[in-house]
Amino acid sequence: MAVGTHCPYCALQCAMTLTLQADSTVKVEGREFPTNGGGLCHKGWTSAELLSSPHRLTSPIYTDRQLGSSAPIGWDAAMEMVADRISGIQAKYGPDSVAIFGGGGLTNEKAYSLGKFARIVLGTSKIDYNGRFCMSSAAAASNRSLGMDRGMPFPMTDLAQTEVVLLVGGNVAETMPPFVRHLKAAQANGGKLVVIDPRHTATARLADIHLQPVPGTDMAFALGLLHLVIAEGQVDNDYIATRTTGFEEVRSKAAAFWPERVERITGIPVSDLRRVAMLLGKAERSVIMTARGPEQQSKGVDTVTAFINLALALGLPGRPSSGYACLTGQGNGQGGREHGQKADQLPGYRSISDPAAREHVAAVWGVSAQSLPGPGVSAYKLLDSLGTPDGPKAMLVFGSNPVISAPRAQHVAERMAALELLVVADPFLSETAAMADFVFPVTQFAEEDGTMTNLEGRVIRRRKLMDPPIGVRSDLDLLAGLADRLGKPGKMQTEPDEIFAELGRASAGGTADYSAMSFDTLEGRDGAFWPWRTGEPTDTPRVFVDKFPTKDGRARFIDVIDRPIAEPLDEEFPVYLTTGRILSQYQSGTQTRLVQELVDIEPTPFVEIHPGLAKRHDLTEGDSVKIISRRGEVIGATRITTSIRLDTIFMSFHWSGAGRVNTVTNPALDPISGMPEFKICAVRLERVVTVTVGSEL
Ligand code: SF4
């Protein structure tokens, strides 16, 4: 038995064939597909190991906090108890006392069902998800400027014809290695790759030009490039006149970012700035891509906007093999932000504050628009409010591990401990699940049908190979079971194809319109790009070709003003800490820390430190070093490298215990997107001698 499906991890969603073998193990093979060309990375190759992992949960677990004991419990009994507790809490404190926290790795059907469950079963506004920590700044900026947030505006195979790729703050060679083939295809055709990153990463090593700005100065860099292409007369005046609004204001502000000033802010020499501006200014087809570097800042939306302004000035969006793109990270980061698990959103990328959207979706759900709650709060604000007098007293977590992935993580863990009820659905006992009153064991990728939407906006099929172990059910079964017990029978479906059909109806007329798609229409093709509206003959691989989905059909230049990072360096905390992912691990590590082959590649947390900084702290390779911020401390092994700036250190965020870097990260939020400033905080280093560094599984 074999099925064609996709990797459970990142947003590239590499295609793979899974074969159930005679000894019940599952063989993984890369499958030819436009995104991965048959390739997989280490994480993909080893993904099937988790299906038979000894760490797998196969029964719900109930923890009695008063007795301090945990024990397996049956699904029905657990759902009865959870429903009773939810009813009691809501009767006492009101509907908003129960919150939902979702995940960017959940299928479209699960993300849609979570949003629906929150609004019509619980009646709560308090729902958000971990995608808020991923690409929310780029999403907000794209919506504001371009009228639509689709990570890539064209199939990634178009990159082969791109002359200049400007990649800002992304390390695809480690986070999604098969993506590199598209950059190399561009280079093979004479294209240039320019990488902007404070670290000389594996991706930077592939670049024709690599520039290492001071962390948090990306916006000044973008404004400096805009200044230069304007000064050199390289903007596309026809495009600006016919396809955009607002250029004059932006032009006048860019005048203040002359190259010498930008060099002082960013540390990028004037000659390098001019070199990149000249490349972009002369090219016909360029792509400006942002990833978490510029996005995970307290000014992330405006920073991304500055890059979109540059793309618009050059006339790129809508031109072949050109435009602005955001590299989404999580497996269903794109679809997960379209169908209702965001605090402010209804399916189809509709606003929950829009009366027409409320009417439409309420009709699909068979409820009144008046009964739908309004917008809630963004992820960190939600987590920060847990257990407070005005905050939720209960939370249900699906496909997320905020105890590791949220900023100021120790504080978040303390807030979760203050809840009266914490329920977690996960295949494994993540750090968040370990704190829960009830844990429900749920299916993994090879055990379920569904759809995912990759970083191009391509909707693809996840296909079931095998039944889950006895005792394991789908998140969809949990939602339906709770809905029944909470007195909303029949509202929540459990069959993915039926949910996808309903999602299509709910999305009809929205920005992310899936209404012409079904499991059947997705068969026999390499997925379908949204929007694909009912009655239209085909999907939309390329957007913005003729017009933008704004009221006047034009893109908007948005005037943005550079501002400092939230936590500048000072005498007490004189070093920048930046964080990110490594090749062998994925997100909070709930899955990948359980795969020995991946753990063997990089077994423990490490801290990248420049030799000069290491010398200043008397650190040698492998020494344990304590990183201290205003929020706490984390420990890693010293890794001395010239690939990082002298004023900056790097840690990955996959680890728990003493190696959990989010203990020290800054929860300063972007005012529009709610994105925390993961990418920069001020720290100091202390050498430690006696602590053994290790991850806790
Ligand atoms: Fe999976 Fe991403 Fe690796 Fe592809 S690049 S195999 S989707 S983790």
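From a predicted model like this one, the values you see are computed outputs, not experimental measurements. We count ligands from 1, going down the list as the structure has it; atoms in each ligand are counted the same way.
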Counting from 1 in the order shown, the ligand 1 atoms closer than 4.0 Å to a non-hydrogen atom of Y9 are 8 (S)
Q13 contact mode with ligand 1 (heavy-atom cut-off under 4.0 Å):
backbone
In plain terms, say whether K110 and E448 are close enough for a salt bridge, that is, a side-chain N and a carboxylate O under 4.0 Å apart.
yes
So, N401 and T590: side-chain donor and acceptor under 3.5 Å apart, yes or no?
yes
When the ring planes of F500 and Y514 are compared, do they come out parallel, tilted or perpendicular, using 30° and 60° as the limits?
perpendicular
Identified side chain to side chain contact (heavy atoms under 4.5 Å, CB included) partner of R56 from the options L594, V472, L50:
V472
At what distance is the nearest protein heavy atom to atom 4 (Fe) of ligand 1, and which residue and atom is it?
C14 SG, 2.3 Å
Per-atom contacts, ligand 1 versus C7 - under 4.0 Å to a heavy atom:
1 (Fe), 6 (S), 7 (S), 8 (S)
Ignoring hydrogens, just give me the one of G44, C41, C10 whose non-hydrogen atom is nearest atom 2 (Fe) of ligand 1.
C10
With atoms numbered from 1 as shown, which atoms in ligand 1 lie under 4.0 angstrom from a non-hydrogen atom of P178?
5 (S)
Testing I127, L396, N130 one by one against F101 for a side chain to side chain contact (heavy atoms under 4.5 Å, CB included), which residue passes?
N130
